[in-house]
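Step one of this worksheet: look at the structure below.
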Amino acid sequence: MQTTRRYSPMDHLLMRADEALTTIFGNPPGTGRPDPASNMDETDLDASEKKLSAALMRVNHVGEVCAQALYQAQAVTSRNDEVRRSMLQAAEEENDHLKWCAQRIDELDGHRSLLNPLWYGGAFAIGALAGLAGDRWNLGFVAETERQVVEHLEGHLQRLPVDDAKSRAVVKQMKSDEREHATMAVTAGAADLPPPFKSLMRLASKVMTRTAHYI
Ligand SMILES: [Fe+2]
Ligand SMILES: [Fe+2]
């Protein structure tokens, strides 16, 4: 006979802590899709190009740490099973992005952000608040976040060294996935967020991207 396990609040707390540690320090499972850059040859980048690519990929890695925290928090607080499933599916794809960015940072001899625990904690709190606001707003927040991420990644495609084909391949695939995440949220019934809120989100991501470029 199959039984459904009931989780205690302590179980939930430990599961969330485990997810957080895996996101920040570990190797999350993801969907198993191949890294878009894995079959590409490394190109010759000079020291300054390598440094720039590593910094941009660190920023993108931080973005994915935040995406994990947001989706995990929103899945916890969402009241709708369908929405929760979509959030968790998107989170798996964000785990692919997280791994691909980490891999690329290593190849470029860069380092991940030292502030990742802080980014994770902040994003988790924001995601939980969005989730508590109700599913339409929760989805609206996802849609707007993903739209802003698509714009941000487009900016990185302009800034990444032309010869850094590997980083570009990763960023291009991420951009395409983020656009689908936005569409998923809109299809599921996302509300359109008030413009001041969207501006606040832009400001928050600017602080994050500027800081993560260096630390
Ligand atoms: Fe992502
Ligand atoms: Fe996404």
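Counting starts at 1 for both ligands and their atoms, in listed order.
Within a radius of less than 2.8 Å around the Fe ion (ligand 2), the protein N, O or S atoms are Glu94 OE2, Glu146 OE1, Glu146 OE2, Glu178 OE1, His181 ND1.
Checking side-chain atoms of Arg58 against main-chain N and O of His111 turns up a donor-acceptor pair under 3.5 Å.
Annotation: ring pair (Phe, Tyr, Trp, His ring centres under 6.0 Å) contacts involving residues 182-215, sequence neighbours excluded, are absent.
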Would you please test Val59 and His156 for side chain to side chain contact (heavy atoms under 4.5 Å, CB included) and show each step? CA-CA 10 Å; Val59 169; His156 272 202; 4.0 Å; yes
Take Gln74 and Leu129 through the test side chain to side chain contact (heavy atoms under 4.5 Å, CB included) and record every step on the way to the result. CA-CA 8 Å; Gln74 287 172 289; Leu129 281 177; over 6 Å; no
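A donor-acceptor pair shorter than 3.5 Å can be found between the side chains of Asn60 and His152.
Just one residue in the list Arg179, Lys172, Gln173 forms a side chain to side chain contact (heavy atoms under 4.5 Å, CB included) with Lys175, and that residue is Arg179.
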